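As structure tokens, the structure follows; a few thoughts come after it.
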Amino acid sequence: MSQADREITLTRVIDAPASLLFEAYSRPEHIMKWFGPVGWPVTLAEIDFRVGGTFKFAMTGPSGVQNEPFGGTYLEIVPDQKIVYDNGFNFEKMMVVTVTFDETDGKTKLT
């Protein structure tokens, strides 16, 4: 299977400037407010937001038990434009995630 066969692209337009959304990805106190599915909040967020820096997150489910942490390494950071990182459980690299921030008229398309 080729890499292209394993790629997923998600796009969302948010009525907010790219700088605000970029910051929401880069600071643990923000990640803990929005990252993860409903009912599974991030209860551990450690971020060293720089190229080569790492992050570690864990979510806690409805049972109140914190799940196994997951995380990765920041591979590329372009302020207010792009974040690339690898990600996996036990820091085994399972995927590479690229988030781009494309702002037009105060709205930002995240891809």
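Small disclaimer: the values here were computed from a predicted structure and weren't measured. Throughout, residue positions are numbered sequentially from 1 according to the sequence presented.
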With a 4.5 Å limit on heavy-atom distance, are the side chains of [X] and [Y] in contact?
{"X": "T54", "Y": "F49", "answer": "no"}
{"X": "P17", "Y": "E103", "answer": "yes"}
{"X": "T104", "Y": "K109", "answer": "no"}
{"X": "F35", "Y": "M59", "answer": "yes"}
{"X": "I47", "Y": "I31", "answer": "yes"}
{"X": "L44", "Y": "F57", "answer": "no"}
{"X": "R12", "Y": "I14", "answer": "yes"}

Would V97 and M95 satisfy side-chain contact (heavy atoms from CB on, under 4.5 Å), going step by step from the backbone distance to the final call?
CA-CA 6 Å; V97 177; M95 67 182 126; 4.1 Å; yes

Mind checking who shares a hydrophobic cluster with [X], ILVMFWY linked at side-chain heavy-atom distances under 4.5 Å?
{"X": "L20", "result": "none"}
{"X": "V96", "result": "L75, V84"}
{"X": "I8", "result": "L10"}

Rounded to the nearest 0.5 Å, what separation is found between the [atom1] atom of [X] and the [atom2] atom of [Y]?
{"X": "K82", "Y": "D102", "atom1": "NZ", "atom2": "CG", "value": "12.5 Å"}
{"X": "M94", "Y": "N87", "atom1": "CE", "atom2": "CG", "value": "8.5 Å"}
{"X": "Q66", "Y": "T43", "atom1": "CD", "atom2": "OG1", "value": "3.5 Å"}
{"X": "T73", "Y": "R50", "atom1": "OG1", "atom2": "CZ", "value": "9.5 Å"}

Sequence neighbours excluded, which residues qualify as side chain to side chain donor-acceptor pair (under 3.5 Å) partners of N67?
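So N67 forms no side chain to side chain donor-acceptor pair (under 3.5 Å) with any residue.
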
For E46, what residues pass the side chain to side chain donor-acceptor pair (under 3.5 Å) criterion, not counting sequence neighbours?
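With sequence neighbours excluded, E46 shows a side chain to side chain donor-acceptor pair (under 3.5 Å) to no residue whatsoever.
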
Classify the angle between the aromatic ring planes of Y85 and F55 as parallel (below 30°), tilted (30 to 60°) or perpendicular (above 60°).
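Because their plane-to-plane angle is over 60°, the rings of Y85 and F55 count as perpendicular.
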
What heavy-atom pair brings A58 and P69 nearest, and what distance separates the two atoms?
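That closest heavy-atom pairing would be CB-CA, 4.0 Å.
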
Does R27 come within less than 4.0 Å of E23, counting only side-chain N to carboxylate O?
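Yes, R27 and E23 are salt-bridged.
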
Ring center gap for F101 and Y25 short of 6.0 angstrom:
yes

Using the test salt bridge (Lys or Arg N to Asp or Glu O under 4.0 Å), find all partners of D80 that sit at least two apart in sequence or belong to another chain.
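None.
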
